[in-house]
Amino acid sequence: MQATVSNRPILVYGNQALRKRAKPVTVVSPELKRLAEDMLESMYESNGIGLAAPQVGESVRLIVVDVSGGEGKEKQPLVLFNPEILSSKGETVAEEGCLSVPGVWADVTRPEIITLRAMDRDGKPFELKGIDGILARCIQHEIDHLEGVLFVDKISSTDRLLNEAKLKKMARQAK
Ligand code: NI
């Protein structure tokens, strides 16, 4: 089962590509820039706020994020190559979902404020300090994807139990 998008189908829970550690980017080639653009397109079409390259079957440390708020709002796409959390503090709980785990939403505990290092879409390194709110949460969720980690790995055992049947069904259909 795959979500319906035009050019880059999003892989669903149970697909082993989602469980691999993604490879670092050395040079932001034209192909990787294109991949980032394609990922943004797939993300917007699916009404997502973030997408990681492993979700489209590419084992590359690349994530795209836009938490600006959807239709009618000005888009604020972020393209992050080799994103890395340098420091974090606090703790916050909020509900998450994932384009690769359709139909499942559950609370996840994460650090509240992060400092991030990454390369932009032109390969230029930069740092972002004091990121919080939904942007901090989304970036952490997407970086987890680069480690082969899904948000459902981090939910409570109660939520896990509640969603067990859905997850099993997805995993069966992914094979
Ligand atoms: Ni996700």
Side-chain angles (χ1 to χ4, degrees), residues 3 8 10-11 13 18-28 32-56 58-102 104-156 159:
R8 290 275 182 175
I10 294 172
L11 305 180
Y13 183 87
L18 292 171
R19 293 306 193 175
K20 284 205 306 198
R21 187 168 193 274
K23 294 186 189 76
V25 170
T26 43
V27 177
V28 177
L32 284 175
K33 279 189 194 187
R34 180 62 204 270
L35 174 61
E37 293 306 317
D38 288 350
M39 284 169 56
L40 279 167
E41 195 179 313
S42 293
M43 180 187 82
Y44 288 129
E45 279 182 31
S46 308
N47 297 312
I49 59 170
L51 192 65
Q55 291 181 274
V56 295
E58 298 289 341
S59 182
V60 179
R61 299 187 83 79
L62 160 63
I63 66 174
V64 297
V65 171
D66 189 340
V67 298
S68 63
E71 249 165 85
K73 303 265 172 65
E74 197 185 329
K75 287 191 171 82
Q76 289 175 11
L78 259 180
V79 172
L80 306 173
F81 290 99
N82 296 343
E84 196 184 339
I85 292 166
L86 298 178
S87 65
S88 62
K89 61 181 175 188
E91 197 178 274
T92 169
V93 183
E95 193 173 66
E96 295 187 15
C98 179
L99 293 175
S100 292
V101 194
V104 176
W105 289 270
D107 281 351
V108 180
T109 304
R110 295 191 185 274
E112 188 173 15
I113 304 168
I114 59 170
T115 291
L116 174 88
R117 178 164 62 200
M119 291 192 294
D120 68 12
R121 63 178 80 203
D122 298 311
K124 196 168 151 246
F126 67 99
E127 270 183 33
L128 283 175
K129 291 191 174 75
I131 308 168
D132 61 4
I134 191 166
L135 181 58
R137 177 165 295 272
C138 185
I139 286 171
Q140 292 176 79
H141 173 118
E142 300 313 328
I143 290 177
D144 276 353
H145 276 297
L146 303 182
E147 299 300 322
V149 172
L150 300 173
F151 87 100
V152 289
D153 302 339
K154 299 186 161 184
I155 64 180
S156 72
D159 282 335

Kindly compute the distance separating [atom1] ([X]) from [atom2] ([Y]), expressed to the nearest 0.5 Å.
X	Y	atom1	atom2	answer
Ile134	Ile139	CD1	CD1	11.0 Å
Ile131	Thr115	CD1	OG1	7.0 Å
Phe151	Gln140	CZ	CD	15.0 Å
Ile114	Glu112	CD1	CD	11.5 Å
Asp132	Ile113	CG	CD1	6.0 Å
Ile49	Cys98	CD1	SG	10.5 Å

Take Ile143 and Leu116 through the test side-chain contact (heavy atoms from CB on, under 4.5 Å) and record every step on the way to the result. CA-CA 11 Å; Ile143 290 177; Leu116 174 88; 4.0 Å; yes

Assess whether side-chain contact (heavy atoms from CB on, under 4.5 Å) is satisfied between Asp38 and Val56, documenting all intermediate values. CA-CA 10 Å; Asp38 288 350; Val56 295; over 6 Å; no

Side-chain donor or acceptor of Arg61 paired with backbone N/O of Glu84 under 3.5 Å: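 Not a single qualifying donor-acceptor pair exists.
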
Output all residues satisfying side-chain hydrogen bond (donor to acceptor under 3.5 Å, both in side chains) with Glu58, sequence neighbours left out; order by chain, then residue number.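 Glu58 satisfies side-chain hydrogen bond (donor to acceptor under 3.5 Å, both in side chains) with Arg8 once adjacent residues are dropped.
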
Gln55: side-chain hydrogen bond (donor to acceptor under 3.5 Å, both in side chains) partners, not counting sequence neighbours: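 Counting only residues at least two positions away or on another chain, Gln55 forms a side-chain hydrogen bond (donor to acceptor under 3.5 Å, both in side chains) with Ser100.
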
Which pair of non-hydrogen atoms, one from [X] and one from [Y], has the smallest distance, and what is that distance?
X	Y	result
Leu135	Val65	CD1-CG1, 3.7 Å
Met119	Asn82	CE-ND2, 3.6 Å
Leu146	Val60	CD2-O, 3.6 Å
Ile10	Ser46	CD1-OG, 3.6 Å
Tyr13	Leu150	CD1-CD1, 3.6 Å
Asp120	Val28	O-CG2, 4.4 Å

Step by step, work out the side-chain contact (heavy atoms from CB on, under 4.5 Å) result for Glu142 and Val64. CA-CA 8 Å; Glu142 300 313 328; Val64 297; over 6 Å; no

Criterion side-chain contact (heavy atoms from CB on, under 4.5 Å) on Asp144 and Asp153, from CA distance to verdict: CA-CA 10 Å; Asp144 276 353; Asp153 302 339; over 6 Å; no

Are the side chains of Asp107 and Ser156 in touch, meaning some heavy atoms are under 4.5 Å apart?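 The answer is no, as the side chains (C-beta and beyond) never meet within the 4.5 Å cut-off.
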
Would you list the atom pairs, donor with acceptor, under 3.5 Å between side chains in residues 121-128 and any protein atom, with sequence neighbours excluded?
| residue | atom | partner | partner atom | Å |
| --- | --- | --- | --- | --- |
| Arg121 | NH1 | Glu37 | OE2 | 2.8 |
| Asp122 | OD1 | Lys33 | NZ | 3.4 |

Residues which pass side chain to side chain contact (heavy atoms under 4.5 Å, CB included) with Asp66, listed by chain and number, not counting sequence neighbours: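 With neighbours one apart ignored, the set is Met43, Tyr44, Ser68, Lys75, Gln76, Pro77.
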
His145: what forms a ring pair (Phe, Tyr, Trp, His ring centres under 6.0 Å) with it, not counting sequence neighbours?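 Only His141 meet the ring pair (Phe, Tyr, Trp, His ring centres under 6.0 Å) criterion with His145.
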
Give a yes or no on whether a salt bridge exists between Glu96 and Lys154, defined as a side-chain N under 4.0 angstrom from a carboxylate O.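 Salt bridge absent between Glu96 and Lys154.
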
Between side-chain atoms of residues 20-27 and protein atoms elsewhere (two or more places apart, or another chain), which donor-acceptor pairs fall under 3.5 Å?
| residue | atom | partner | partner atom | Å |
| --- | --- | --- | --- | --- |
| Arg21 | NE | Glu147 | OE1 | 2.9 |

